[in-house]
Amino acid sequence: MVYTLIAIVAAAVILILYLVITGREVFGAEARGERLERMKRSELYRDKQFRNLSLTPPLAEGYSMPKVMFDFFFKKKNPLIRPVHNIPAIRTDLKQMTGKEDVFVWLGHSSYYLQVDGTSFLVDPVLSSYGSPFRFFNKAFGGADLFRPEDIPQVDYLVITHDHYDHLDYPTVKAIRSRVGQVILPLGVGAHLERWGYGPEQLIEEEWGSEVLLKNNISIIFTPARHFSGRKMRRNATLWTSYVLKAAHRNIFLGGDSGYDSHFKTIGEKYGPFDYAILENGQYNEAWKYIHTLPEDVIQASIDLKAENIIPVHSSKFALALHPWNEPLESITRLGKENRLNILTPMIGEPVDLNSSVHQFNRWWQD
């Protein structure tokens, strides 16, 4: 009887601690009301969660969650899982851009600033020094956190691909609120933004297949990705997405996070070819191959998309996997050369002129 009582009290304490911790603003909010009703009407939403187009196990065959967690926390790490020296970066002043340039500026990991036809986009900005709900976990590499929220100019559109902490960063998104025109985000994610002070009228919140006309006759199309979502214990309560950005003379694919699947070929056939494809390449593991692309998958996805230029992101800021920090860029440039693809590898902060037909970048990750 005594042991039973102790177990009940311990369970109650754990539950209370969980509710107190996850009740903090950083964890966002659950969808309710009309937003939840919209989700329920979606063909992508079944049994209280969103689904991928194909069956997508969280782990590949032969792997288990206990083994993956044990390897991550206790297995001897590669000494280059984090860089020995600071990541080289260029402090480009985004506020001094005139609006006339068509330009891409990588801000580290999957964050980037994009300017097309006089319209500005800020994608998945994580500009705090950590990619998690806690300051002490998942710290950024030295030099990779050069850009901060105060460096962001007024932007027409904040674009979010999904609600994971390394893509939807509460400190950044809240700090830049007064400089954001509208927010483009997948169904369900708007609940987080509304809790953080964004107005419902600012949110362009849609699902795969939706096309929205933006300013300057630019359109954005919500397209599939093979991934998952979640900021608490519950997974897939919000949608994840990739995007097709169509401007007058520019067609760009914004990949977000995604494992390889047939959707890349479908998107390429329907919306391609693409002048630029911005694809995740980094923080991968064979165990996660269904939800994150391996370097060889990035190559095949680029071919499927009919992409003229490929800009790899999702690397060089956080150690979320066990590979050496510079392996993703080394692998993708080698594979790109073998397959005669144009792989663009700017440093963090180094502007990419989207109107140029010639791009040359140093192999900065080898220094």
Undergrad: Compute the centroid of each ring, for Tyr243 and then for Phe222, and state whether the two points are separated by less than 6.0 Å.
TA: yes
Undergrad: Linking Ile, Leu, Val, Met, Phe, Trp and Tyr by side-chain heavy atoms under 4.5 Å, what else ends up with Tyr45?
TA: Leu36, Met39, Leu44, Phe50, Leu53, Leu187, Trp208, Leu239, Trp240
Undergrad: Kindly state whether the ring of Phe104 and the ring of Tyr112 have centres lying under 6.0 angstrom apart.
TA: yes
Undergrad: Please round to the nearest 0.5 Å and tell me the distance separating atom NZ of Lys289 and atom CG of Leu59.
TA: 11.5 Å
Undergrad: Rounded to the nearest 0.5 Å, what separation is found between the CD atom of Glu205 and the CZ atom of Arg38?
TA: 6.0 Å
Undergrad: Looking at Arg41, Arg35, Lys40, which hits salt bridge (charged side-chain N to carboxylate O under 4.0 Å, His left out) with Glu37?
TA: Lys40
Undergrad: Any side-chain heavy atom of Leu114 within less than 4.5 Å of one from Tyr276?
TA: no
Undergrad: Are side-chain N/O atoms of Asp124 and Thr161 paired as donor and acceptor at under 3.5 Å?
TA: yes
Undergrad: Can a salt bridge be assigned to the pair Glu30 and Arg234 using a cut-off of 4.0 Å between side-chain N and carboxylate O?
TA: yes
Undergrad: Does Arg231 make a cation-pi contact with Phe27 (under 6.0 Å, within 45 degrees of the axis)?
TA: no
Undergrad: May I ask you to check whether His192 and Tyr198 place their ring centres under 6.0 Å from each other?
TA: no
Undergrad: When Ser258 is tested against each of His292, His263, Arg226 for side-chain hydrogen bond (donor to acceptor under 3.5 Å, both in side chains), which residue passes?
TA: His263
Undergrad: When you check the side-chain N and O atoms of Thr98 and Glu101, is any donor under 3.5 Å from an acceptor?
TA: yes
Undergrad: What's the spacing between Ile299 CD1 and Asn339 CG if we round to 0.5 Å?
TA: 5.5 Å
Undergrad: With Tyr290, which residues qualify under ring-ring contact (aromatic ring centres under 6.0 Å, His included), at least two apart?
TA: none
Undergrad: Starting from Val103, can I reach Val116 by hopping between I/L/V/M/F/W/Y residues whose side chains sit under 4.5 Å apart?
TA: yes
Undergrad: Any salt bridge (Lys or Arg N to Asp or Glu O under 4.0 Å) involving residues 169-192? Give me the pairs, sequence neighbours left out, ordered by first then second residue.
TA: Glu25-Lys174
Undergrad: Evaluate the ring pair (Phe, Tyr, Trp, His ring centres under 6.0 Å) criterion for residues Phe228 and His164: first the C-alpha distance (whole Å), next the side-chain angles of each, then the deciding distance (0.1 Å), finally the verdict.
TA: CA-CA 9 Å; Phe228 69 108; His164 284 156; 4.5 Å; yes
Undergrad: Which heavy atom of Gly282 sits nearest a heavy atom of Ser315, and at what distance?
TA: CA-CB, 4.2 Å
Undergrad: Is it true that His109 and Asp166 share a donor-acceptor pair across their side chains at a distance under 3.5 Å?
TA: yes
Undergrad: Restricting to non-hydrogen atoms, name the atom on Leu107 and the atom on Leu94 that form the minimum distance, rounded to 0.1 Å.
TA: CD2-CD1, 4.3 Å
Undergrad: Nearest 0.5 Å, please: how far is OG1 in Thr345 from CD1 in Ile310?
TA: 11.5 Å
Undergrad: How far does CD of Glu280 sit from CG of Asp297, to the nearest 0.5 angstrom?
TA: 9.5 Å
Undergrad: How about His314 and His167: are their ring centroids closer than 6.0 Å?
TA: yes
Undergrad: So, taking the atom named CG in Asp261 and the one named CG in Leu55, what distance separates them when rounded to the nearest 0.5 Å?
TA: 10.0 Å
Undergrad: Does Arg334 come within less than 4.0 Å of Glu338, counting only side-chain N to carboxylate O?
TA: yes
